2 protein chains.
Amino acid sequence: MKEGPDIALIGSLIGDPARANMLTALTGGKALTATELAGTAGITLQTASSHLSKLEAGGLIAQRKQGRHRYFTLADDDVGLMIEGLMGFAAYRGFTRHRTGPKDPALRKARVCYNHLAGDYGVRMLDSLIAEEVISGAGDTLHLTASGADKMTALGIDLAALTRSRRPVCRTCLDWSERRSHLAGSLGQALLTLFFDKGWARREPDSRAIRFTDTGEMEFAKLFPLPAQPSIARHHQQAVDA
Amino acid sequence: MKEGPDIALIGSLIGDPARANMLTALTGGKALTATELAGTAGITLQTASSHLSKLEAGGLIAQRKQGRHRYFTLADDDVGLMIEGLMGFAAYRGFTRHRTGPKDPALRKARVCYNHLAGDYGVRMLDSLIAEEVISGAGDTLHLTASGADKMTALGIDLAALTRSRRPVCRTCLDWSERRSHLAGSLGQALLTLFFDKGWARREPDSRAIRFTDTGEMEFAKLFPLPAQPSIARHHQQAVDA
DNA sequence: TTCATACTTCGATCGTGATCGAAGCATCTC
DNA sequence: GAGATGCTTCGATCACGATCGAAGTATGAA
């Protein structure tokens, strides 16, 4: 017995409601202060401080001092993917937090997943990128094609900078609302940043939801057309049925 | 705040060491009795019973009465994938359970992941299946090709039976030791069953490890040849580096 | 310097949940 | 039937950890 890695440690870190709320908030991608996190979790600053030090000791979050503030973020992409994965599992089981709020449709349409685009739009974007052969790959191994690299450069994305880091350029991330993959990795991050920079989309205040502007919707539809007759329809159906 | 699904519930279920041990044991795929699970977790039968009812209420496990025994299994494939995913995260963070046991190399080579093959051999098998165009697909959407269906049928796999169920035929499952995907879904299960039925491999007693026989090794290498010059080498490197 | 803000540490309280003994129920064997 | 085995339920204990008040430290503002 006692085989394999220890999942109880991570489970217990996530298992506390206050910590889970903080982690969920941090999945929004913005760096938050201890006071802000205490507010979202509904606890005092002292208690929050205790939780935050535990999360940091567990390697789930990182902090950055800036003046008299301490900004907390998720430790890295992996933590974001792991939490988004758990959310997918929980959502599928119906473990929603009591009422599904009014913001729910907006979250399902488009939201921030740590640092990249998730929700219906996120899944559509990856589908389109694959259909247009910007990205190719089988299984979980994705990579940019030569023509895809040209397209991304034309969009104004500095591919050299992306490949310079040690992070993977293209990764899949399981979407909790769609139960299909969207694009993560440094390219996924760069694309979301592009949307913000071009003014095509902006974050809803105090939410993970992303609202596209009218021109943003148009440009998105133009850049990421849906395949007319998706060859993956059969599998998609299975994924929904499963 | 309070957006999205509730991950604290699942976290707290997994967060208890006794429950985590039971779930890990059940990831071996075999149905286990309450007494056996109590043994692996190192607790009395009464305590185990309490934990098991909680896990069942949370939808993570299912039980099946058989005479005076109650056999427990993971509720479905999704639970297995979720736990294997957490293990991958935990292993990568170095959250191993104190000493990495002597069985560790065997586990990394080949093991049962709920109902399909995992470890180095599992990853190699999926790589080969994709390289040989038995399975195709981009991102996380995998499906059998026409020629692949013929090959599987020739092996003695009843594809009609696989597609009859509502489960997906091909799925990816993140491997905690390799940090890459292997094949899950009903086809993944059917292939592992085939190895056992043909006598090519057998389970180590009281372990998730799988030991291939000499002929099993040969047949496996013949059936699932490695691509000579893997086109995915670049991405693989990234995944390892990340 | 003085005050305010942001956060941590200490210490005490308190509740929840893990644990196990004992008793009860179901099923199989003889 | 009697006895044994497998498991659940009840009840009590007990420890750990979540919580917050109070005090202490660091940084910025006046």
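From a predicted model like this one, the values you see are computed outputs, not experimental measurements. Every heavy atom of this structure was used, including side-chain atoms; hydrogens, water molecules and symmetry mates were not.
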Between A:Arg111 and A:Ser177, do the side chains contain a donor N or O and an acceptor N or O under 3.5 Å apart? yes
Comparing B:Ala34 and A:Asp16 on DNA chain D - which has the more 5′ nearest nucleotide: B:Ala34
Rounded interatomic separation in angstrom, taking NZ from A:Lys54 and C1' from D:dT19: 10 Å
Please tabulate, for the side chains in residues 183-193 of chain B, all donor-acceptor contacts under 3.5 angstrom to protein atoms that are two or more places apart in sequence or on a different chain.
unit_1	atom_1	unit_2	atom_2	d
B:Gln189	OE1	B:Arg167	NH1	2.8
B:Gln189	OE1	B:Arg167	NH2	3.0
B:Thr193	OG1	B:Gln189	O	2.8

Taken to the nearest whole Å, NE2/B:His51 to P/C:dC20 is 9 Å
Using a heavy-atom cut-off of 4.0 Å across all strands, would you classify A:Ser53 as base, sugar-phosphate, or nothing? nothing
Take atom CG of A:Leu32 and atom C1' of C:dA6, then tell me their distance rounded to the nearest Å. 15 Å
Can you tell me how far P of D:dG6 sits from CG of B:Leu52, to the nearest Å? 15 Å
Tell me the salt bridge (charged side-chain N to carboxylate O under 4.0 Å, His left out) pairs involving residues 185-204 of chain A, sequence neighbours left out? A:Glu204-A:Arg211
Among C:dA26, C:dA4, D:dA18, the one nearest B:Lys65 by side-chain distance: C:dA26
Nucleotide nearest B:Phe72 when distance is taken to its side chain, options D:dG6, D:dA22, D:dT8: D:dT8
Is A:Asp76 salt-bridged to B:Arg93, going by a charged N under 4.0 Å from an acidic O? yes
For B:Leu55 and C:dA18, give me the distance from atom CG to atom P, rounded to whole Å. 10 Å
Which residue lies toward the 5' end of DNA chain D, A:Thr47 or B:Arg68, if each is placed at its nearest nucleotide? B:Arg68
Atom-to-atom span, CD of B:Gln66 to C1' of D:dT5 - whole angstrom: 16 Å
Interatomic distance, A:Asn21 CG vs D:dA18 P [rounded to whole Å]: 14 Å
Rounded off to whole Å, could you give me the CZ-to-P distance for the B:Arg70 and C:dT27 pair? 9 Å
Using 4.0 Å as the upper bound for N to carboxylate O, is an ion pair formed by A:Glu56 and A:Arg64? no
Closest of D:dA18, D:dC7, D:dC20 to the A:Ile43 side chain is D:dC20
So, does A:Ser49 get its side chain near the phosphate of C:dC7, meaning an N or O under 4.0 Å from OP1 or OP2? no
